[in-house]
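Below: one structure, written as structure tokens.
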Amino acid sequence: MTGKIGTVGIIGAGQMGGGIAHVAAQAGYKVRLYDISADKIESGLATINGNMARQVSSGKMDEEARKAALANITSTPVLEDLAGVDLVIEAATEDETVKRKIFAQLCPILNPEALLATNTSSISITRLAAQTDRPERFIGIHFMNPVPVMKLVELVRGIATEDTTFETAKHFVASLDKTITVAEDFPAFIVNRILLPMINEAIYTLYEGVGSVEAIDTAMKLGANHPMGPLQLADFIGLDTCLSIMQVLHDGLSDTKYRPCPLLVKYVEAGWLGRKSGRGFYDYRGEHPVPTR
Ligand SMILES: NC(=O)c1ccc[n+]([C@@H]2O[C@H](COP(=O)([O-])OP(=O)(O)OC[C@H]3O[C@@H](n4cnc5c(N)ncnc54)[C@H](O)[C@@H]3O)[C@@H](O)[C@H]2O)c1
């Protein structure tokens, strides 16, 4: 069914699910956005609205396109409403148990021909696919954050992914005006295999008192020409997601160099998850972000 995607179901209306809904709707796909949390659906739709309004005011989108894109999105707190979609992109919390449960509930609802994709940052595509009734029609489509801005999408085949699934996914991603890179199915793929150990090392640098939050971020911005400091980036990704990725690397590659920094664990245990919860390595609750260390 190469190229026959018309309706896309998205699971998870958080940072990534909302962003994927935004770009898919903008490209003309009918989007059904599902989340278990009605609050997350509401805040996800508000973010999409705000981001599209910003695109209009900066001249990147016209008002008619904004209205058409918004009209392409429907939201639902009922999983059964995804019946009939051609492709589902799962973008729920980075937790293998959560994702497995979603696919187990979802598969009997879907048309047998429908494709399944996961936006996981790190979890094995082969392992997730093996739990479903369609490993040959399962693929990793890994968008970057924020989705409307970032050009790259990693495509990751599981061991059983068929060529037609890969070609359809490639077509779909290209139609969103994104650039594809293909990664093999190993823990955290390419981008996060390289990026997350650097972020984790920045957190160790903070933990060991080598520098403050500000010193570390300034050092990497001005000293390594990174557009954003690693701790600011960790807040942007979400500290729970960072921790999950480090755990997947640590477990999957059995190498102590991937040990998650205890300070990262502490922040997550405190519920200080970064921008999305209002506080992480910076406190975002005031007018300007203030370092928390
Ligand atoms: N944050 C990033 O920078 C980034 C980048 C690329 C990929 N990802 C991946 O995208 C996925 C989502 O990350 P995010 O940053 O959007 O997280 P998030 O915390 O912003 O959103 C996760 C959403 O999943 C929902 N959810 C949880 N359990 C669910 C269930 N059973 N059914 C439906 N919805 C459920 C939550 O209510 C929440 O709205 C993860 O797999 C993550 O690894 C994240």
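Remember, it's 1-based here, ligands and their atoms both numbered in the order they're listed. Quick caveat: nothing in here was measured; it's all calculated off a predicted structure.
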Enumerate the pairs of nitrogen or oxygen atoms, one from ligand 1 and one from the protein, separated by less than 3.5 angstrom; state names and distance to 0.1 Å.
| from | atom 1 | to | atom 2 | distance (Å) |
| --- | --- | --- | --- | --- |
| ligand 1 | 1 (N) | Q15 | NE2 | 3.4 |
| ligand 1 | 1 (N) | I237 | O | 2.8 |
| ligand 1 | 3 (O) | N145 | ND2 | 3.3 |
| ligand 1 | 8 (N) | S121 | OG | 3.1 |
| ligand 1 | 10 (O) | N119 | ND2 | 3.0 |
| ligand 1 | 15 (O) | Q15 | NE2 | 3.1 |
| ligand 1 | 16 (O) | Q15 | N | 3.2 |
| ligand 1 | 16 (O) | M16 | N | 2.8 |
| ligand 1 | 19 (O) | K276 | NZ | 3.0 |
| ligand 1 | 20 (O) | Q15 | N | 3.0 |
| ligand 1 | 24 (O) | T93 | N | 3.4 |
| ligand 1 | 37 (O) | D35 | OD1 | 2.7 |
| ligand 1 | 37 (O) | D35 | OD2 | 3.4 |
| ligand 1 | 39 (O) | D35 | OD2 | 2.7 |
| ligand 1 | 41 (O) | A92 | O | 3.2 |
| ligand 1 | 41 (O) | E94 | OE1 | 2.5 |
| ligand 1 | 41 (O) | K99 | NZ | 2.8 |
| ligand 1 | 43 (O) | E94 | OE1 | 2.8 |
| ligand 1 | 43 (O) | S121 | OG | 2.6 |

Q) Cation over ring, R157 on F166, under 6.0 Å and within 45°? A)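 Because its charged atom sits under 6.0 Å from the ring centre and within 45° of the axis, R157 does stack over F166.
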In terms of side-chain heavy atoms, does [X] have a donor or acceptor partner in [Y] at a distance below 3.5 Å?
X    : Y    : result
T120 : E94  : yes
Y282 : R293 : no
E154 : T181 : no

Q: Show your reasoning for whether side chain to side chain contact (heavy atoms under 4.5 Å, CB included) applies to R279 and Y284.
A: CA-CA 6 Å; R279 191 164 25 171; Y284 300 92; 5.7 Å; no
**Q.** M144 and K151: CA distance, side-chain angles, deciding distance, side chain to side chain contact (heavy atoms under 4.5 Å, CB included) verdict
**A.** CA-CA 8 Å; M144 307 291 135; K151 267 304 230 190; over 6 Å; no
